[in-house]
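Below, chains carry the letters A, B, ... as their sequence lines are ordered, and counting in each starts from 1. Keep in mind it's a predicted model, so treat the numbers as computed, not measured.
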2 protein chains.
Amino acid sequence: MSKWHAKDVPRLPSMDLLRGFEAAARLLSFTRAGEELHLTQSAVSRQMRELEEQLGATLFERRHRALALTEAGRAFYPAAAQALAAMRECVQRVRQVAGLRALMVSSTASFASLWLVPRLTRFAGENPGMDVHVSANARIQDLDRDGVDVAIRYCPPAMAGTAAVRLFGEHVFPVASPRLLADTKRPLREPADLRHHVLLAVEDPEGAYPWLSWGSWLELAGLGDLKPAGRLHFTEYDQLLRVSRDGYGVALGRSALVRDALRSGELVAPFAAIGHRAADSSRAYHVIVAPRARARPDVQRFVDWLQREAAQDEYAPAVEDAEGGRGSKDGARKRKPRP
Amino acid sequence: MSKWHAKDVPRLPSMDLLRGFEAAARLLSFTRAGEELHLTQSAVSRQMRELEEQLGATLFERRHRALALTEAGRAFYPAAAQALAAMRECVQRVRQVAGLRALMVSSTASFASLWLVPRLTRFAGENPGMDVHVSANARIQDLDRDGVDVAIRYCPPAMAGTAAVRLFGEHVFPVASPRLLADTKRPLREPADLRHHVLLAVEDPEGAYPWLSWGSWLELAGLGDLKPAGRLHFTEYDQLLRVSRDGYGVALGRSALVRDALRSGELVAPFAAIGHRAADSSRAYHVIVAPRARARPDVQRFVDWLQREAAQDEYAPAVEDAEGGRGSKDGARKRKPRP
DNA sequence: GATATGCATGAGTAAATGGCATGCAAAAGA
DNA sequence: TCTTTTGCATGCCATTTACTCATGCATATC
């Protein structure tokens with residue numbers, strides 16, 4: 001027996017183990033907890049074993065393809081949640097005192113509401129003490145003057161600048177409520193069937209967004225002469241999508257902005273293969289950081305997070321790749337809703 | 001930029017970092033915090049850098065040979081302490097629900113009060129949820145019958161049993177209050193000077209502990225005929241030591257039991273070299289675990305801790321080794337009391 | 001009977017963590 | 001004034017930790 005070495009000192013469970021436990025206990029699944037925490041099922045399984053060994057208590061009852069909490073696990077859950085909360089409060093307090101500032105982000109209203117804000121809640125959870133303000137105003141050009149730290153713009157790379165970070169490109173394809181597909185009186189089985197439907201589009205009197213127009217898409221599909229049942233125009237893209245989800249027409253889906261709706265099944269993409277090529281390959285979503293904010297660690301963390309979220313989306317497409325689908329393990333396959 | 005990998009997920013500070021911070025902030029020293037946590041100064045230094053990076057805040061102001069907390073550090077301290085407490089509460093709660101039982105320890109009253117209990121407070125801090133009961137009753141022989149999980153006995157190895165764990169041996173030498181050494185009217189510079197002093201001893205009418213008698217020690221010192229100024233006898237060894245600390249006489253110090261008092265300077269050992277050889281090399285302090293408790297993880301942890309504490313004492317002796325002192329880095333060198 | 005699915009685990013690897021040795025700089029001691 | 005002491009920082013390296021990949025197992029579902 002040697003003298004004390006650091007490895008011999010009994011340790012308290014790490015925050016990582018608690019976070020794993022909280023997710024696994026809430027979801028009752030190591031697999032899904034892993035997905036939420038960007039870990040493999042194997043890693044979560046081992047974490048829970050390690051935690052149980054440290055505590056000297058069994059937290060989960062392993063059934064086949066199901067987990068249940070033991071009495072000790074149920075007792076641990078609120079305490080673990082409290083310990084996590086105490087730590088986040090801890091971190092938040094010190095960052096406040098250290099004078100960390102809010103992070104100002106500018107993007108279009110549509111990008112904000114359809115892509116950024118739904119994801120920011122997770123960012124906030126993983127980054128206590130950070131105060132992110134989203135300005136749904138893409139007209140801002142002078143970031144320094146207007147007090148913006150990070151801007152997200154859909155533009156050519158030359159416009160974004162060499163320091164900008166590319167998130168993802170975009171392509172467009174028709175999307176509609178699954179109810180429209182179920183309508184036998186007005187079929188929507190092939191592109192020509194669009195003549196039976198109302199086409200929804202964003203107002204563009206100056207033709208500033210040609211790639212977003214039905215005209216362009218129909219030309220691409222060889223249907224330049226098609227006369228639809230009607231046309232509706234909207235000033236805001238998210239309003240257009242809401243109408244589409246409600247089943248009142250067919251919209252041109254912007255891939256990034258419709259991704260969540262496709263995933264949830266609120267929208268379907270019957271002709272996704274047409275137009276898979278980027279509608280305007282010169283443009284993409286870019287992250288532009290104001291020069292004076294580049295050295296801020298919180299800004300760097302935020303930009304890093306944006307890139308990872310964007311990459312995550314690209315690895316798990318919402319619609320099957322038209323050139324060749326993945327195998328049965330495709331993560332995008334829709335799960336049955338859980339009770 | 002790749003998709004999410006576990007290493008990319010922002011992490012909350014670990015409990016190890018918080019514990020390091022709490023100790024460094026309380027002691028205002030990385031070196032002493034390291035000693036307390038069984039880490040090197042280097043490790044604590046790096047931990048604090050890592051913590052500051054994770055938080056994005058400076059917690060310490062490094063001065064030469066001194067630390068001060070920054071405002072952020074002062075703000076972090078109570079929050080960190082609360083997070084540590086929340087975690088310990090967390091661990092304790094789950095262990096209670098899991099039905100962990102108290103751990104019953106038996107030892108002599110003197111060993112309990114002079115060695116074990118002072119150290120148990122640290123054990124308790126490092127092992128939340130464990131309930132250790134100390135029975136200062138060494139007459140217990142049948143551990144199973146008497147509900148004792150662990151016994152600590154000073155006995156020959158054969159009596160302890162092959163499964164017992166040896167902690168340390170013992171040797172005895174005179175100890176006295178430093179005030180006695182300062183008394184010029186009654187010098188205590190050489191062993192013969194003991195004739196000027198009251199000798200303190202444990203009652204032993206049956207001669208059961210010959211190695212603890214002044215007679216034995218004086219014979220060893222070649223002073224068999226020495227007539228002291230007086231003799232006092234006590235039933236309890238810790239009472240004897242209290243009187244010695246108060247300066248009323250010279251006691252025979254049992255090495256393990258006087259170690260803390262020597263370290264604190266309350267007692268000094270003017271003739272430690274005489275008698276350095278174990279008074280009775282056949283005996284030593286042993287840990288004996290009741291057979292039915294051997295499989296308990298909490299009991300195993302406790303025994304492991306006992307061994308490490310004992311080894312720690314052996315590595316940092318309270319008095320310089322009579323055969324050859326260590327260098328100037330000897331950890332036992334007494335520090336000036338801090339303000 | 002075949003397939004799907006979620007937990008457990010062997011093996012491999014990259015990153016994290018800690019110790020050793022040393023540098024640096026200023027306070028303390030001679 | 002010079003020497004010694006002391007505590008924080010850091011290069012380097014070894015060991016441990018933590019995660020991924022691949023696969024096995026067992027049972028529910030089709």
Side-chain angles (χ1 to χ4, degrees), chain A residues 2-9 11 13-20 23-25 27-54 58-69 315 327-331 333-336 338, chain B residues 2-9 11 13-17 19-20 23-25 27-54 58-69 327-331 333-336 338:
Chain A
S2 60
K3 69 176 184 176
W4 282 103
H5 184 279
K7 303 304 186 190
D8 303 315
V9 176
R11 303 173 71 192
S14 72
M15 288 287 107
D16 290 337
L17 296 189
L18 281 205
R19 202 170 53 174
L27 301 166
L28 292 180
S29 165
F30 292 165
T31 304
R32 292 169 67 205
E35 287 166 4
E36 181 168 301
L37 301 173
H38 304 296
L39 293 172
T40 60
Q41 169 271 324
S42 161
V44 178
S45 179
R46 291 185 212 274
Q47 283 188 340
M48 294 308 100
R49 282 294 180 195
E50 171 65 23
L51 182 58
E52 286 173 327
E53 278 184 32
Q54 283 193 19
T58 300
L59 302 172
F60 294 97
E61 183 184 336
R62 276 84 164 168
R63 299 168 178 156
H64 172 64
R65 291 174 70 175
L67 289 175
L69 283 169
Y315 272 79
S328 63
K329 298 272 185 77
D330 192 327
R333 219 159 89 257
K334 193 161 72 75
R335 279 196 179 85
K336 284 180 196 145
R338 276 163 170 78
Chain B
S2 61
K3 71 177 185 175
W4 281 103
H5 183 280
K7 303 300 189 193
D8 304 314
V9 177
R11 301 173 71 192
S14 71
M15 289 287 106
D16 289 338
L17 295 188
R19 203 171 51 177
L27 301 167
L28 292 179
S29 165
F30 292 166
T31 304
R32 291 169 66 207
E35 287 166 2
E36 182 168 300
L37 300 173
H38 306 296
L39 293 172
T40 60
Q41 169 270 323
S42 160
V44 178
S45 178
R46 289 185 214 274
Q47 283 188 341
M48 294 308 100
R49 281 295 179 195
E50 171 64 23
L51 182 59
E52 286 172 327
E53 278 183 32
Q54 283 192 19
T58 300
L59 302 172
F60 294 97
E61 184 185 335
R62 275 84 163 167
R63 299 169 179 156
H64 172 63
R65 291 173 69 173
L67 290 175
L69 282 169
S328 62
K329 297 273 184 73
D330 191 328
R333 217 158 91 253
K334 195 160 71 76
R335 278 197 180 84
K336 285 178 196 150
R338 278 166 169 75

I want to verify a distance call: between [options], whose nearest atom is closest to the [X] side chain?
X: Ser42(A); options: dT6(D), dG18(C), dG10(C); result: dG10(C)
X: Arg65(B); options: dC7(C), dA27(C), dC8(D); result: dA27(C)
X: Ala43(A); options: dG7(D), dT20(D), dA9(D); result: dT20(D)
X: Arg49(B); options: dT10(D), dC19(D), dT5(D); result: dT10(D)
X: Ser45(A); options: dA25(C), dT20(D), dA8(C); result: dA8(C)

Can you say whether a donor on the side chain of [X] sits under 3.5 Å from an acceptor on the base of [N], or the other way round?
X: Arg46(B); N: dG11(D); result: yes
X: Thr31(B); N: dC8(D); result: no
X: Gln41(A); N: dA8(C); result: yes

Given atom [atom1] of [X] and atom [atom2] of [N], what is their separation to the nearest angstrom?
X: Leu67(A); N: dT5(C); atom1: CG; atom2: C1'; value: 13 Å
X: Arg62(B); N: dA25(C); atom1: CZ; atom2: C1'; value: 16 Å
X: Leu51(A); N: dA8(C); atom1: CG; atom2: P; value: 13 Å
X: Leu39(B); N: dA16(C); atom1: CG; atom2: P; value: 18 Å
X: Leu17(A); N: dC19(D); atom1: CG; atom2: C1'; value: 13 Å
X: Phe60(A); N: dG6(C); atom1: CZ; atom2: P; value: 16 Å
X: Met15(A); N: dT17(D); atom1: CE; atom2: P; value: 19 Å
X: Arg11(A); N: dT17(C); atom1: CZ; atom2: C1'; value: 9 Å

**Report entry** Given DNA chain D, 5'-ward residue of the pair Val44(A) and Leu28(B), judged by closest heavy atom
**Finding:** Leu28(B)
Query raised in the report: Between CZ of Arg11(A) and CD of Gln54(A), what distance do you get to the nearest 0.5 Å?
Result: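 Rounded to the nearest 0.5 Å, the CZ-CD separation comes to 7.0 Å.
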Query raised in the report: What distance separates Arg19(B) CZ from Gln47(B) CD, expressed to the nearest 0.5 Å?
Result: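 Taking CZ in Arg19(B) and CD in Gln47(B), the distance rounds to 8.5 Å.
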Query raised in the report: Taking all non-hydrogen atoms of both residues, which atom of Ala25(B) and which atom of Leu28(B) are closest, and how far apart?
Result: O-CD2, 3.5 Å
Query raised in the report: Within the structure shown, what part of the strands sits under 4.0 Å from Gln47(A) by heavy-atom distance: base, sugar-phosphate, or nothing?
Result: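 Since only primed, P, OP1 and OP2 atoms lie under 4.0 Å of Gln47(A), the category is sugar-phosphate.
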Query raised in the report: Can you tell if the side chain of Phe60(A) reaches within under 4.5 Å of the side chain of Glu52(A), non-hydrogen atoms only?
Result: yes
Report summary line: Applying side-chain contact (heavy atoms from CB on, under 4.5 Å) to Ala66(B) and not counting sequence neighbours gives Arg63(B)
